[in-house]
Amino acid sequence: MASSQSDLSDPPGNPQPGDLIEIFRPAYQHWALYLGDGYIINLSPIDEGQAAAMSSVKSVFSRKAVVRMQLLKEVVGEDSYRVNNKYDDNHTPLPVSDIIQRAQHLIGQEVSYDLLGSNCEHFVTLLRYGEGVSEQATRAIGAISLVTAAASAFSVLGLINTRSRNRPF
C-alpha cells in the first residue's frame with residue numbers, strides 16, 4: 001500500500017481507510033473496501049485476468065472468488081464510483097485498524113461466492129461491520145419471490161380456467 005504519488009493517494013470522493021466503495025457497473029454494483037494510498041480490497045473471479053474481471057458480468061455468476069488488493073482506479077476503469085457507508089446508521093463500524101488488519105489477512109485467499117448469500121457487498125460489509133449485509137441481494141431475493149408468487153398465481157388461475165372450460169354443463 002505504500003505509494004507517495006498524489007494521483008494514487010487522493011482519489012476522487014476522498015475515501016478514507018475502511019470506507020465502502022460502490023462501483024457502478026453497467027448491470028450491477030460492485031463493492032470494494034478502501035485500504036488507503038489508492039488501494040482497495042475486493043473479490044474478483046479466479047479464472048479472469050484483471051482487465052476482464054473489471055467489467056465482466058461473468059463475475060456475478062462465479063462460485064469462487066479471490067480476494068485481491070488492487071488500485072481503485074484500475075478496478076473502476078471507465079465506470080463511476082462513490083464512497084457509500086450506507087449501513088453506518090444501523091451497524092457500528094469496527095475500528096479502522098481492525099478493518100484493515102482483517103482485510104490484509106485475506107489478500108490472495110480463495111473464498112466462496114454466491115450472488116444472493118455471499119457476494120462482494122457481503123464481503124466488504126463483513127470486514128467493516130463484522131456482519132455481512134447486502135441490500136442488492138435482499139432486493140434480488142424479493143424480486144425472485146415476487147416472480148415465483150406471480151408464476152404460481154398464473155398457474156393456479158390457468159388451472160381454474162382450464163377446469164371451467166372442460167365442464168360439460
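Hydrogens, waters and symmetry mates are skipped; everything else that's a heavy atom, side chains included, is used. Note that the structure is predicted; figures quoted are calculated from it, not measured.
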Notebook entry, point to check: Linking I/L/V/M/F/W/Y whenever any side-chain heavy atoms sit under 4.5 Å apart, do Phe24 and Ile40 land together?
Noted result: no
Of all heavy-atom pairs between [X] and [Y], which one has the smallest distance, and what is that distance?
{"X": "Pro45", "Y": "Arg68", "result": "O-NH2, 3.4 Å"}
{"X": "Asp79", "Y": "Pro26", "result": "OD1-CD, 4.2 Å"}
{"X": "Ile99", "Y": "Leu94", "result": "CD1-O, 3.3 Å"}
{"X": "Pro17", "Y": "Gly36", "result": "CG-CA, 4.2 Å"}
{"X": "Asp88", "Y": "Pro93", "result": "OD1-CG, 3.5 Å"}
{"X": "Asn119", "Y": "Ser134", "result": "ND2-OG, 3.2 Å"}

[X] side, atom [atom1]; [Y] side, atom [atom2] - distance, nearest 0.5 Å:
{"X": "Ile100", "Y": "His105", "atom1": "CD1", "atom2": "NE2", "answer": "15.0 Å"}
{"X": "Glu131", "Y": "Asn90", "atom1": "CD", "atom2": "CG", "answer": "10.0 Å"}
{"X": "Leu106", "Y": "Met69", "atom1": "CG", "atom2": "CE", "answer": "13.0 Å"}
{"X": "Lys73", "Y": "Tyr39", "atom1": "NZ", "atom2": "OH", "answer": "9.5 Å"}
{"X": "Tyr113", "Y": "His122", "atom1": "OH", "atom2": "NE2", "answer": "9.5 Å"}
{"X": "Ile21", "Y": "Asn84", "atom1": "CD1", "atom2": "CG", "answer": "9.0 Å"}

Check: What's the verdict on side chain to side chain contact (heavy atoms under 4.5 Å, CB included) for Arg63 and Ser112, showing C-alpha distance, side-chain angles and the deciding distance?
Finding: CA-CA 6 Å; Arg63 300 298 290 164; Ser112 294; over 6 Å; no
Check: Under 3.5 Å, is there a donor-acceptor pair between the side chain of Gln16 and the main chain of Asn14?
Finding: yes
Next item on the list: State whether the side chain of Arg102 and the backbone N or O of Leu126 hold a donor-acceptor pair below 3.5 Å, judged by distance alone.
Entry: yes
Next item on the list: Would you check if Val124 and Asn42 make a side-chain contact, meaning some heavy-atom pair closer than 4.5 Å?
Entry: no
Margin query: Between Trp31 and Leu20, is there a side-chain heavy-atom distance shorter than 4.5 Å?
Written below: yes
Check: Would you call the rings of His91 and Tyr129 parallel, tilted or perpendicular, where under 30° means parallel and over 60° means perpendicular?
Finding: tilted
Note to self: The test is side chain to side chain contact (heavy atoms under 4.5 Å, CB included); show your working for Val75 and Tyr81 and say whether it passes.
What the structure shows: CA-CA 10 Å; Val75 174; Tyr81 75 92; over 6 Å; no
Check: With distance as the sole criterion, is a donor-acceptor pair present between the side chains of Glu121 and Tyr28 under 3.5 Å?
Finding: no
Next item on the list: Would you sort out whether Val66 and Val111 count as a side chain to side chain contact (heavy atoms under 4.5 Å, CB included), showing the intermediate values?
Entry: CA-CA 6 Å; Val66 66; Val111 296; over 6 Å; no
